[in-house]
2 protein chains.
Amino acid sequence: MTRTDTTGTRPRLGRKRDHARDPEILEATLDILAETGYEGMTIDMVAARAKAGKATVYRRWASKPELILDAVACMKSSEVDFTSPPSTGTLRGDLVAMVKSPTLREGERKLKVMAGIVSMIARDPELAAAARAAIVEPRAQANLIIFQRAIDRGEIPGDADVETLCTISPALVAYRVLMLGIPVDREYLIATIDKIVLPAAGWQPPRL
Amino acid sequence: MTRTDTTGTRPRLGRKRDHARDPEILEATLDILAETGYEGMTIDMVAARAKAGKATVYRRWASKPELILDAVACMKSSEVDFTSPPSTGTLRGDLVAMVKSPTLREGERKLKVMAGIVSMIARDPELAAAARAAIVEPRAQANLIIFQRAIDRGEIPGDADVETLCTISPALVAYRVLMLGIPVDREYLIATIDKIVLPAAGWQPPRL
DNA sequence: TCTATACGGTACTGACTAGTTCCGGATACC
DNA sequence: GGTATCCGGAACTAGTCAGTACCGTATAGA
């Protein structure tokens, strides 16, 4: 990524860089980012949170923007895997199965990070791309697969606007958390699925 | 508001303060806020944009946070009036009538201001309240009235989740602009009304 | 063992900014 | 006309922070 590249140079002498510190520093960066936002975050805060020296941070990333870019990009590979969303046999079952506690927690953190960098997104295309790839796209992709399966099963019309359907849930969650300041819980998400997403998709329970 | 209060003191001598400058400074503040965000904004930028001296700004507002709070709060009274939304006789007609160019432009600016202060909202309850009162609530109220009329007319079921229905459009717009970086146009909004909002509301055209 | 580099930590530099003060000129009340 | 306050503008103060340099210590290869 943007991380300072040392590979390819001559085999260096002296103590080896402890790459186990990399993810710790990146995680600390995301924590501080979520708490204080882009401008509010200082490298000293990150170093202190990661119990590292400031020089240790600058040995790996050349500047604050590069550290943040890398931290945001690394959110992409998270503990929750969105590439193979649950398959329960029904659209409603799949959507409800997406509402799990770890997914919720991770989503909330990603949203807070997003809130911290939103104002930069309009001015830094590279950061914008990283944020979308890490935060927005995984969920959208998972929803896309779920809706495509529903179309293949004949649960919803083939001409449904899947693109927009995929964004309803993430958009409502983001709006609720960032604009209204209300945390989302399982109950709200399931109510959203039943009252908004499924009706908008033109869904009928497969068996009466 | 938080503006430095000079009323109630003795009738002061000397040149009067030119209160025509107040809205100009507040507008400049909102412009800079939308362009650079909360932390990126400096009082010098605001003064330069308003063609005012920095002292002129500090004579009216005691600090940067108070200036921003006041500027955000003053967005509430905008040129577009949401208190009496259009009444066309049908739910779809009312919703479509809300999609007007001035409304769109104002909404986009408000969203950019919101993007500039989102990261502060979690840490400054007063600013959060002002932002919600100025940006979120007017639109929500207008939608609420429109949906209530639709219920009264029998266009949509009386037990519809109006609260959530009201937030669909604003949430999708915010998501599209802030997260995806795609500007909204009339076409997208009307497609959203027809494909998402009305189906979710359980709406049927009043006459076949 | 020697050397080069890593580590956590501290101190420093240069740039920037919130907020204050003062200037010369304008304006409104006495 | 005198005086107190306004105006735009510029200079100044104090504090913060990105980025650099250096400390003593730790560790890996020669």
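Chain letters run A, B, ... following the sequence lines, proteins first, then strands; residues in each count from 1. Keep in mind the model is a prediction, meaning the values are calculated, not measured.
If you check the side chains of B/T83 and B/D81, you find a donor sitting under 3.5 Å from an acceptor.
Between the C1' atom of C/dG9 and the CZ atom of A/R49 lies a distance of 19 Å, rounded to the nearest Å. What separates CZ of A/R17 from C1' of C/dG8 is a distance of 15 Å, to the nearest Å. D/dC6 atom P lies 12 Å from atom CG of B/D22, rounded to whole Å. Rounded to whole angstrom, the span from the CZ atom of A/R59 across to the C1' atom of C/dT5 amounts to 8 Å.
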Q | Annotated protein contacts, base or backbone, on nucleotides 24-30 of chain D with a non-hydrogen cut-off under 4.0 Å, one of B, S, - each | A | --BBBS-
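For NZ of B/K112, the number of neighbouring non-hydrogen atoms (other residues, nucleotides, ligands) closer than 6.0 Å is 12 at most. The local environment of NZ in A/K110 is crowded, with over 12 non-hydrogen atoms from other residues, nucleotides or ligands closer than 6.0 Å.
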May I have the list of side-chain donor-acceptor pairs in residues 162-182 of chain A shorter than 3.5 Å, sequence neighbours left out?
unit_1: A/T164; atom_1: OG1; unit_2: A/D161; atom_2: OD1; d: 3.2
unit_1: A/T164; atom_1: OG1; unit_2: A/D161; atom_2: OD2; d: 2.7
unit_1: A/T167; atom_1: OG1; unit_2: A/T164; atom_2: O; d: 2.8

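Although no hydrogens or angles enter the test, the distance criterion places a donor-acceptor pair under 3.5 Å between the side chain of B/E155 and the main chain of B/L91. Side-chain atoms of B/R186 come within 3.5 Å of backbone atoms of B/V99 as a donor-acceptor pair (strictly under, hydrogens ignored).
Within the nucleic acid shown, B/A55 comes within 4.0 Å of at least one base atom, counting heavy atoms only.
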Give me, pair by pair, the N or O atoms of the protein and of nucleotides 13-18 of chain C that are less than 3.5 Å apart, along with how far apart they are.
unit_1: C/dA18; atom_1: OP1; unit_2: B/M41; atom_2: O; d: 3.2
unit_1: C/dA18; atom_1: OP1; unit_2: B/K64; atom_2: NZ; d: 3.2
unit_1: C/dA18; atom_1: OP2; unit_2: B/I43; atom_2: N; d: 3.2

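A/R92 places a side-chain heavy atom less than 4.5 Å from the side chain of A/I190. Between B/T29 and B/D70 there is no side-chain heavy-atom pair separated by less than 4.5 Å.
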